[in-house]
Amino acid sequence: MDTKAKGVLVFLVIATMASGRESKTMLVGDSEGWSAGTNYTQWAIQNKPFHINDTLVFKYPAPDNSTAPMSVYLLPNMWSYTTCEFKEAKLLGSTTEGAGEGFKVKLKQRKPYYFASAEGNSYDCIAGLTKFIAVPSPRSLTHNHFSHKPSLLN
Ligand SMILES: *[C@@H]1O[C@H](CO)[C@@H](O)[C@H](O)[C@H]1NC(C)=O
Ligand SMILES: *[C@@H]1O[C@H](CO)[C@@H](O)[C@H](O)[C@H]1NC(C)=O
Ligand SMILES: *[C@@H]1O[C@H](CO)[C@@H](O)[C@H](O)[C@H]1NC(C)=O
């Protein structure tokens, strides 16, 4: 194969990877998992863009005397996320559901997903910790489309 043909092939492979990218499965917090008093905004910034049908895995130990209890709620909007008002929130994972392999949340819709733990009287949430926003984008948009909106992640 000559150099030009190789170049075309490389281009095609990259183009295919970019357009037909497999949905990702991401462990929230990487090896640290979902833990109390942690800034996940940083993690969300490093791991975006999120795409529709990507899966987030939340993993945290069942509460015992040595670990703080953890949970995962989906908050309905930016206001409840900011003020840590859990009244209308949907419980995705109770304090025991993050054990073992954890549980999965698929980002099916094109909307912001507001995640937060409510344990300890929402202490972490109010402090801006153990919470983040994931905004899945359709695959056809370029990655830069959403990377210009870091304010959504605060
Ligand atoms: C997401 O997955 C569903 C079910 O597998 C599929 O019908 C839908 O087309 C997918 N959406 C995108 C944007 O890939
Ligand atoms: C937690 O503490 C209680 C009371 O101090 C004790 O009875 C129990 O065995 C402890 N549990 C674990 C898992 O260490
Ligand atoms: C978390 O990290 C983000 C991004 O670095 C930063 O803007 C934010 O102030 C941090 N929040 C807290 C509560 O430390």
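Whatever order the structure lists them in is the order used to number ligands and atoms, beginning at 1. We count residues from 1, following the sequence as given.
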Check your understanding: With distance as the sole test, does Glu97 use its side chain to make a donor-acceptor pair with the main-chain N or O of Ser94 at under 3.5 Å?
Key -> yes
Review point. Can you find an N or O of Asn39 that's nearer than 3.5 Å to an N or O of ligand 3?
Key: yes
Give every donor-acceptor pair under 3.5 Å between a side-chain atom in residues 124-136 and any protein atom, sequence neighbours left out.
unit_1 : atom_1 : unit_2 : atom_2 : d
Asp124 : OD1    : Gly37  : N      : 3.4
Asp124 : OD2    : Gly37  : N      : 2.8
Thr130 : OG1    : Ser35  : O      : 2.9
Thr130 : OG1    : Gly37  : N      : 3.1
Thr130 : OG1    : Thr38  : N      : 3.3
Lys131 : NZ     : Tyr81  : O      : 2.8
Lys131 : NZ     : Cys125 : O      : 3.1

Exercise for review: Please lay out, stage by stage, how Phe115 and Leu92 fare under the test side-chain contact (heavy atoms from CB on, under 4.5 Å).
Suggested key: CA-CA 9 Å; Phe115 297 107; Leu92 299 180; 3.6 Å; yes
Point to revise | Close-contact set for ligand 3 against Gln42 heavy atoms, below 4.0 Å | key: 2 (O), 4 (C), 5 (O)
Point to revise | Proximal ligand 3 atoms for Ala127, defined as those under 4.0 Å from one of its heavy atoms | key: 13 (C)
Point to revise | Spatial distance of atom CG (Asn47) from atom CD (Gln42) [nearest 0.5 Å] | key: 10.5 Å
Point to revise | Residues in contact with ligand 1, criterion: heavy atom under 4.0 Å | key: Ile52, Asn53
**Study point:** Hydrophobic cluster membership, Leu27 vs Phe103, 4.5 Å side-chain cutoff
**Key:** no
Point to revise | Hydrophobic cluster membership, Val57 vs Tyr60, 4.5 Å side-chain cutoff | key: no
Review point. Between Tyr40 and Trp34, is the gap from one ring center to the other below 6.0 Å?
Key: yes
